[in-house]
K.L.:
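Supplied in structure tokens, the structure appears directly below.
Each residue takes its place number in the sequence, starting with 1.
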Amino acid sequence: MKLRSSLLVLLAAAALAATTACSPGSASGGGGDSKSFEFWSFSGIDQQHDVDIYQRSHPDIQVKLTEVGSTTETAQALATALAGGKVPDLVLIQGDDMPKFVQQPQNFLDLRERGADQMKGDYLDWVMEQATAEDGQIIGIPTDVGGMAVVYRTDLFAAAGLPTDRESVSKLWPTWDAFIETGKKYVAATGKPFVDNAPTSVFYQAVNQVSQKYYDDAGNLIYDKNPEVKAAFDTTLKALEAGISAKISFGADAWNAALPRGDFAVVSAPAWMLDQIRRAAPDTSGKWDVATIPGGAGNWGGSYLAVPARAQNPEAAWNYIKEMQSPQRQLEHFLDVGSLPTTPAVYNDPKLTGQADPFFSGAPTGQIYTQAVLGLKPFHMGPDTATIGSEFLNALTNVEQGSGNPATAWDDAVNNIRTAIGK
């Protein structure tokens, strides 16, 4: 998912609103055509793969898939459409963006009316909770969860005199401080950067391992006074000071280009990122392996499928959700592209536990990533979680790129957050 300027984000949202403006008969959904539907997704995760599978099984169904842009662009385009434009029949919403849409459940179909109340037990409780409104309305069905691990280049570790087998490598970094120390050893031995970047590979992981994040359990904002968030921020500054980062932002073209060159040795990688690494660096097959994330557990990402209330073809959209997000389909999707299921019933399936990924040196990715999710203690997420996280990341990225002052970075981030959310 490429990071783009706020101007481009607004233009993308405006363009979608303009090209899908309301017609006189589009004010309310329902009825419609059960044989076709319009689907909005964000880019970079190959939703076309699932659409192709569905259409092979249902050749009479026509799915119009539009990759809107980044997760942020897709959420903003959806918000614009919900405010008055023509909405899609089905939309993919990234996990951090879901809480703000849950605040306005009237904008979405209550999926309990289609049977989601009987299905919700199939999914991780804390994942379903994020898509459930206060009155119990279910507005989204989860597609995947972003269990965490660290992927590393075994050939580059060997050149640095570090161990290469995944068990020994996992023991190198039980904590984030130990991860930084390992990075310093790597840089000293090779003269090359250790990690792709610190904001996403350190902060974004450490801050998702907390007991409370930007909101307390009652839903009150605590981002500016939570010591766990401040500790994750300070640990990231320590990583930057240690000089272990390649300073290459995840999702940028430079990140994809750096992978095959070995410009960095490790990446904090959720399950869904593995396929992106395969596609960006196909000639590095067998040179990667997968180790445990510092702290042992974590989550980055995960998404939901939702049906706007004014969708013209809600039945067709729901039929797609019901079939493609069943436990068996989520398992098949993991085996195909590596997205981790949100359905714990398949976590002990031999197909998942026995999955050994040849690209990543035969790593048992199913076992590694499910353990990362099962060890996670969920925290409350609020409507501004995504915005707050983005501002913290922006402040750290500014420091990493040389335009920010590490001494004032925390205060800069907090001030920008207050400006962005008004609180």
Side-chain angles (χ1 to χ4, degrees), residues 1-6 8-10 12-13 40-45 68-83 91-105 107-108 126-127 129-133 139-140 142-146 148 199-200 203-210 212-216 219-224 226 228-229 232-233 236 249-251 270 272-273 298-306 376 378-398 413-423:
M1 55 195 99
K2 296 181 180 180
L3 303 177
R4 307 184 185 181
S5 69
S6 56
L8 287 177
V9 170
L10 292 173
W40 285 4
S41 171
F42 43 85
S43 57
I45 58 168
V68 178
S70 71
T71 57
T72 300
E73 289 169 333
T74 305
Q76 291 186 344
L78 176 62
T80 299
L82 292 173
V91 62
L92 189 69
I93 302 173
Q94 199 262 351
D96 279 0
D97 292 309
M98 178 56 81
K100 69 182 176 185
F101 290 112
V102 169
Q103 299 295 309
Q104 297 180 320
N107 286 330
F108 296 90
W126 61 269
V127 177
E129 182 180 343
Q130 292 177 21
T132 304
I139 73 166
T143 64
D144 68 301
V145 65
M148 286 304 304
T200 57
F203 175 75
Y204 208 73
Q205 312 318 318
V207 81
N208 281 326
Q209 295 173 327
V210 296
Q212 292 183 323
K213 193 177 177 183
Y214 306 139
Y215 293 79
D216 64 18
N220 302 305
L221 283 165
I222 58 170
Y223 67 89
D224 55 342
N226 183 351
E228 291 183 285
V229 173
F233 194 93
T236 310
S249 297
F250 168 71
W272 51 262
M273 192 187 289
N299 182 68
W300 175 5
S303 305
Y304 298 82
L305 287 173
L376 186 66
F379 44 74
H380 183 85
M381 294 178 60
D384 291 311
T385 288
T387 300
I388 295 168
S390 292
E391 292 298 343
F392 277 128
L393 284 174
N394 288 341
L396 289 166
T397 299
N398 288 341
V414 169
N415 289 334
N416 289 338
I417 291 167
R418 287 174 180 160
T419 299
I421 69 173
K423 303 172 187 175

K.L.:
Run the side-chain contact (heavy atoms from CB on, under 4.5 Å) test on Val91 and Leu305 for me, step by step, so that the C-alpha distance in whole Å, both residues' side-chain angles and the decisive distance to 0.1 Å come before the verdict.
P.N.:
CA-CA 6 Å; Val91 62; Leu305 287 173; over 6 Å; no

K.L.:
Would you check if the side chain of Tyr215 reaches a backbone N or O of Phe379 as a donor-acceptor pair within less than 3.5 Å?
P.N.:
no

K.L.:
Val127 and Tyr304: which non-hydrogen atoms are nearest, and at how many Å?
P.N.:
O-OH, 2.6 Å

K.L.:
What are the two closest heavy atoms between Thr200 and Leu393, and how far apart are they?
P.N.:
N-CD2, 4.2 Å

K.L.:
Counting distance only, does the side-chain N/O of Tyr214 pair as donor-acceptor with the main-chain N or O of Ala386 below 3.5 Å?
P.N.:
no

K.L.:
Are Tyr204 and Leu396 side-chain neighbours, meaning at least one heavy-atom pair lies under 4.5 Å?
P.N.:
no

K.L.:
Please check if the side chain of Thr143 supplies one atom and the backbone of Ser303 the other of a donor-acceptor pair under 3.5 Å.
P.N.:
yes

K.L.:
Heavy-atom count around Glu129 CD within 6.0 Å, excluding the residue itself: above 12?
P.N.:
no

K.L.:
Taking the side chain as every heavy atom from C-beta outward, state whether Ile93 and Leu78 have any pair of such atoms under 4.5 Å apart.
P.N.:
yes

K.L.:
Going by atom types alone, do Lys213 and Asn226 pair a side-chain donor with an acceptor below 3.5 Å?
P.N.:
no

K.L.:
Could you go through Thr397 and Phe203, starting from their C-alpha distance and side-chain angles, then the distance that decides it, and tell me whether this counts as side-chain contact (heavy atoms from CB on, under 4.5 Å)?
P.N.:
CA-CA 10 Å; Thr397 299; Phe203 175 75; over 6 Å; no

K.L.:
Taking side-chain contact (heavy atoms from CB on, under 4.5 Å) as the criterion, tell me which of Asp224, Val414, Ile417 meets it with Ile388.
P.N.:
Ile417

K.L.:
Taking all heavy atoms of Trp300 and all of Gln205, pick out the closest pair and write down the distance.
P.N.:
CE3-NE2, 3.2 Å

K.L.:
Could you tell me which non-hydrogen atom of Tyr223 sits nearest to which non-hydrogen atom of Val229, and how far apart they are?
P.N.:
O-CG1, 4.1 Å

K.L.:
Output, in order, the C-alpha distance, side-chain angles, deciding distance and verdict of side-chain contact (heavy atoms from CB on, under 4.5 Å) for Met148 and Leu376.
P.N.:
CA-CA 10 Å; Met148 286 304 304; Leu376 186 66; over 6 Å; no

K.L.:
Could you state the interatomic distance from CE (Met98) to CD (Gln130), rounded to the nearest 0.5 Å?
P.N.:
8.5 Å

K.L.:
Which heavy atom in Phe108 sits nearest to a heavy atom in Ala306, and how many Å separate them?
P.N.:
CD2-CB, 3.9 Å

K.L.:
Report the C-alpha distance between Thr71 and Asp97 in whole Å, list the side-chain angles of each, state the deciding distance to 0.1 Å, and finish with yes or no for side-chain contact (heavy atoms from CB on, under 4.5 Å).
P.N.:
CA-CA 8 Å; Thr71 57; Asp97 292 309; 4.3 Å; yes

K.L.:
Can you check whether Asp144 reaches Ile45 side chain to side chain, under 4.5 Å on heavy atoms?
P.N.:
no

K.L.:
Could you report the tightest heavy-atom contact between Ala395 and Ala413, atom names first, then the distance?
P.N.:
CB-CB, 3.6 Å

K.L.:
Just how far is it from atom NZ of Lys100 to atom CD1 of Ile421, taken to the nearest 0.5 Å?
P.N.:
12.0 Å

